[in-house]
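For reference, the structure discussed in these notes is given below.
A, B, ... follow the sequence lines: proteins, then strands. Residue 1 opens every chain. We use all heavy atoms of the structure for the numbers below, so side chains are in, but hydrogens, waters and symmetry mates are not.
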Amino acid sequence: MYLKLAWLNLWRNKRRTIIAITSVFYAVVLSVFMTSLQMGTMNQMVANVAGAYSGYIQVHQKGYWDDQSLDNSMPTNSTLANTIKQAPDVDESVPRLQSFALASSGNATKGVMLTGIDPVKERKLVNLEPKIIQGKYFGSDSEQSVILASGLADYLKLKTNDTIVFLGQGFHGSSAAGKYIIKGIIKLVSPDLNKSMVFMPLKTAQTLFSTPDMLSSYAIVIKDVDGIDKTLAYLKKNMDTSKYEVMDWKQMSPELDQAVKGKMASGSIIEGVLYMIVAFGIFGTILMMTTERTYEFGVLVAIGMNRRRLALVTALESLFMSFLGVVIGYVASMALVLYFVHYPIHMTGALAKSYEQFGLAPYIYTAFQFSIFYNQAIIVFVISVLICLYPLSKILKLKPVEAMHGE
Amino acid sequence: MLLKIAWRNIWRKKTRSLIIIFAVTMGIWAGLFICSFMGGFINEMMDESINHTFSHIQIHNPLFKGNNEIQYTIKEPQKVLAALENNPDVKAATLRNVAFGMTASPSTASGTKIVGINPEQENKVTDFKIFIKQGTYFEGNKRNGVLVGQKLADKLHIKMHSKIVLTFAGPDGNIVSGAFRVIGIYKTSNAQSDLANVFVNSDDFNAMLGNDTTFHEIAMVLKDADKVDTVNAAMKKQFPTLKVESWKELSPETVTLNDYIAFILWILMGVFMLGLGFAIVNTMLMAVMERTRELGMLMAIGLNKSRTFGMIMIETITLTFVGCPFGIGLSYLTVAYFGKHGISLAAFAKGMENFGMSSMVYPFLKENVYWQIAIMVFCTALLAAIYPSIRAIRLKPAEAIHKI
């Protein structure tokens with residue numbers, strides 16, 4: 001019966017109820033939007049760094065990461081390749097062979113980082129083709145050609161169709177020496193990488209370093225960034241961990257991980273401040289509502305309604321209003337975030353230009369994650385329930401005669 | 001007279017007024033606090049970038065592209081240095097040699113940038129000294145001492161006092177090398193740069209080349225960081241044969257990050273102002289509902305619609321005015337306190353210190369931000385007051401009086 005009473009009370013005075021519900025609604029929508037923006041910018045930060053070169057997850061021979069020499073490369077293993085392919089959310093596993101070498105042309109010599117790539121699969125990670133400023137991309141995975149970064153090409157004074165010589169140390173101390181044609185020149189965003197990167201088809205690199213069918217790493221491209229833990233767990237369970245190691249970007253770039261955590265920390269502080277403001281909005285509304293109904297409460301208590309029962313009914317009314325506000329807010333905020341996922345906020349002016357120069361998309365993204373909506377809804381619900389304790393305490397202390405006189 | 005009525009109304013209903021004043025105070029405090037927080041963050045970043053790496057302005061030979069052109073030195077470096085030291089805007093300047101070569105230990109070798117510095121001068125320009133984790137920053141004048149990064153020391157399997165060999169190609173193409181002893185190990189927040197940079201005394205660098213006047217780089221700090229652009233432009237004219245660049249040209253990434261954070265801040269402020277706006281609208285709406293009888297009576301005895309509207313608007317504006325100084329005062333105190341003691345993020349990001357990233361944020365605000373935020377809050381409150389005021393004048397006096 002109390003439920004019915006509470007419900008009817010709500011709709012007796014539609015305007016008041018709607019105002020109260022909207023204060024909770026605004027609280028949910030704003031806090032969801034802000035949290036989703038923060039998540040979005042953090043994901044973007046990781047994507048720009050990890051997603052662009054190293055990949056979110058890498059698989060190597062055990063011990064490779066600490067000592068990145070060719071002697072620690074792993075033979076291509078179809079079981080391993082299959083395990084990786086079958087892991088959840090894996091889009092592609094990109095094989096690579098990497099080593100330091102000396103590049104030489106004419107009188108100039110420079111140390112470079114030589115990476116053997118699978119031209120097809122590598123498109124999903126370091127997509128070289130759109131970065132080509134001279135020449136062409138690889139046509140096969142065994143042609144005797146290389147693609148150079150433009151800073152390096154400038155230093156060695158080389159163009160496409162020129163010849164370049166590499167000298168280095170191969171597998172188990174063998175010498176590596178080879179002569180190759182420059183098929184293309186690319187421009188990399190990072191000035192340091194642009195002065196030292198060389199890409200070669202995988203089989204050609206394997207021949208150069210005397211590492212037939214061997215790889216330094218599998219870099220894994222993931223379909224859904226939020227599922228990275230599942231993928232990692234699957235791989236750890238199904239791989240031979242005595243022979244191989246699997247690492248995520250947090251282990252490969254702990255500095256980035258800490259930077260993200262630091263950003264999350266400052267984000268929490270900002271969220272806390274927002275909660276204070278929206279809690280105020282709810283409190284102001286409830287306070288006014290209580291004051292407005294003081295007369296009504298006074299009358300009820302005067303004609304005999306038990307104070308506790310009145311408090312109960314009012315509590316139920318508050319619960320209903322908070323609940324409705326949170327539910328409607330939940331749905332509306334999902335729609336809002338979804339809108340921004342499809343139409344992200346565009347950066348303005350100089351910022352947009354510099355982002356484009358860095359090869360990054362000049363947008364701010366929102367993250368559409370169910371946990372965000374869920375958590376924010378719960379927090380706001382708890383806040384509004386706590387605030388609704390105020391009217392209850394007022395009712396319990398009510399003096400009917402004063403209440404009915406006051407204005 | 002409207003003012004008098006509005007003022008008396010406010011103090012008649014203390015609870016309601018206090019809520020709005022409080023909301024405005026909170027809104028201003030929140031906005032300023034967040035701005036100061038971000039301001040502190042940006043300062044940290046710029047500090048790192050400028051004080052540790054780029055300094056304010058650098059000068060090179062125009063053909064020096066940072067790609068191993070050891071032959072492209074600065075002509076008459078001592079003359080340029082003297083001119084800089086006489087420049088009233090320059091706090092300190094230092095000369096450096098730069099070469100790209102190999103650093104080798106008994107077990108491995110690695111490609112590195114070898115930088116020759118004058119430790120005393122260098123210390124006036126950068127605060128690199130704070131990154132030294134073991135050993136000293138060239139104290140004691142030992143010959144052929146070298147400073148290596150922790151990551152490089154790990155890779156080469158060397159430690160303090162280990163002997164390593166530095167090799168690079170001289171300006172005439174001949175390979176020069178020298179044996180050096182590790183006299184210090186440093187660690188910065190950038191592991192890649194720790195791996196790639198080793199530091200020696202300029203005198204030892206030039207001794208390897210048999211020439212004591214080659215220098216590739218001049219780095220300087222200014223007395224007033226805000227004057228970077230004007231000083232940069234002036235120096236470009238002063239040294240037309242040399243390449244003069246400010247940190248903004250050397251590290252466009254830092255400028256971008258700066259702009260990015262400012263952009264995000266705008267969005268955050270927008271969200272906060274919306275929150276504040278809704279808080280005020282809802283509270284005032286409820287207030288109008290609560291005062292229905294009073295407003296009805298006022299309108300019945302002759303307060304016309306425009307005056308009613310005005311009355312409520314003035315009440316809101318006055319409340320906001322009262323809240324402003326409290327908000328600004330509170331923020332000023334908060335920023336002053338935390339600006340000194342810092343806010344610790346360590347609880348959330350335990351490892352930050354390990355990477356040379358400060359886990360303390362020191363909030364910071366420029367004076368004009370106070371006014372900007374105060375005006376934003378004021379406008380928000382004004383806009384928020386419009387809707388409730390409109391609702392107030394829509395009341396029908398006869399009905400309103402009879403409301404119970």
Side-chain angles (χ1 to χ4, degrees), chain A residues 15-16 19-20 22-23 26-27 30 33-34 37 41 69 100 107-111 151-152 154-155 191-192 195-196 254-255 257-259 261-262 264-266 268-270 273-274 276-278 280-285 287-289 291-292 295-296 345 347-348 350-351 354-355 357-358 364 407, chain B residues 15-16 19-20 22-23 26-27 30 33-34 37-38 41 65-69 100 102 110-111 169 173 189-192 196 252-253 255-256 259-260 263-264 267-268 271-272 274-276 278-280 282-283 285-287 289-290 293-294 343 345 347-349 351-352 354-355 357 359 361 404:
Chain A
R15 196 162 293 156
R16 188 173 66 207
I19 296 178
T22 48
S23 71
Y26 290 139
L30 283 177
F33 183 66
M34 196 163 81
L37 255 186
T41 50
S69 70
F100 179 77
N107 273 335
T109 308
K110 186 150 196 243
L152 187 57
D154 285 341
Y155 174 68
D192 289 333
K195 289 183 202 149
S196 60
E255 315 88 52
D257 188 29
Q258 285 303 316
K261 287 209 174 83
M264 288 217 296
S266 62
S268 308
I269 295 184
I270 296 180
V273 174
L274 184 68
M276 277 200 271
I277 296 187
V278 295
F280 245 93
I282 301 177
F283 185 62
T285 315
L287 181 76
M288 285 295 102
M289 193 170 81
T291 321
E292 194 228 351
Y295 182 78
E296 171 194 335
I345 303 174
M347 295 183 185
T348 53
L351 182 63
S354 20
Y355 253 70
Q357 270 181 345
F358 280 110
I364 309 250
E407 213 285 275
Chain B
T15 340
R16 184 187 75 225
I19 291 272
I20 304 250
F22 220 70
M26 281 274 289
F33 180 66
I34 297 303
F37 195 77
M38 290 301 208
F41 227 65
K65 286 208 196 98
N67 209 355
N68 206 7
E69 306 92 337
F100 287 85
M102 286 242 290
S110 185
S189 64
N190 185 342
Q192 292 310 313
E253 316 90 63
V255 178
T256 304
D259 291 343
Y260 177 75
F263 188 72
I264 300 267
I267 298 183
L268 282 181
V271 172
F272 274 8
L274 270 177
L276 183 67
F278 289 141
I280 297 182
N282 272 2
T283 307
L285 267 180
M286 269 304 186
M289 289 203 68
E290 190 237 347
R293 198 155 167 236
E294 166 200 337
I343 300 176
L345 298 176
F348 303 93
M352 280 178 94
N354 280 340
F355 297 100
M357 279 186 281
S359 67
V361 177
I404 47 158

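- The shortest distance between side-chain heavy atoms of B:Leu285 and A:Arg15 does not fall below 4.5 Å.
- If you measure heavy-atom distances from B:Ile34 to chain A, the contacts under 4.5 Å come from the side chain alone.
- Considering all non-hydrogen atoms of both residues, A:Met347 and B:Phe263 come closest at CA-CZ, 3.8 Å.
- Around the OH atom of B:Tyr260, the shell of radius 6.0 Å holds more than 12 heavy atoms that belong to other residues, nucleotides or ligands.
- With a threshold of 4.5 angstrom between heavy atoms, A:Thr22 approaches chain B through its backbone and through its side chain.
- When heavy atoms are compared at a cutoff of 4.5 Å, B:Leu268 approaches chain A solely by way of its side chain, counted from C-beta outward.
- Interface remark: A:Ile364 contributes side-chain atoms only to the contact with chain B (heavy atom separation under 4.5 Å).
- For chain A, the nearby part of B:Phe37 is the side chain; its heavy atoms alone come within less than 4.5 Å.
- Taking 4.5 Å as the limit, every side-chain heavy atom of B:Phe278 sits out of range of all side-chain heavy atoms of A:Val278.
- Taking 4.5 Å as the limit, every side-chain heavy atom of A:Tyr26 sits out of range of all side-chain heavy atoms of B:Leu274.
- Of the atoms belonging to A:Leu37, it is side-chain heavy atoms, and not backbone ones, that fall under 4.5 Å from chain B.
- Both the backbone and the side chain of A:Met276 come within contact range of chain B, each with at least one heavy atom under 4.5 Å from a heavy atom of that chain.
- Considering all non-hydrogen atoms of both residues, A:Ile277 and B:Ala30 come closest at CD1-CB, 3.7 Å.
- Of the atoms belonging to A:Ser196, not a single heavy atom falls under 4.5 Å from chain B.
- Closest approach of A:Gly281 to B:Ala279, counting heavy atoms only: CA-CB, 3.3 Å.
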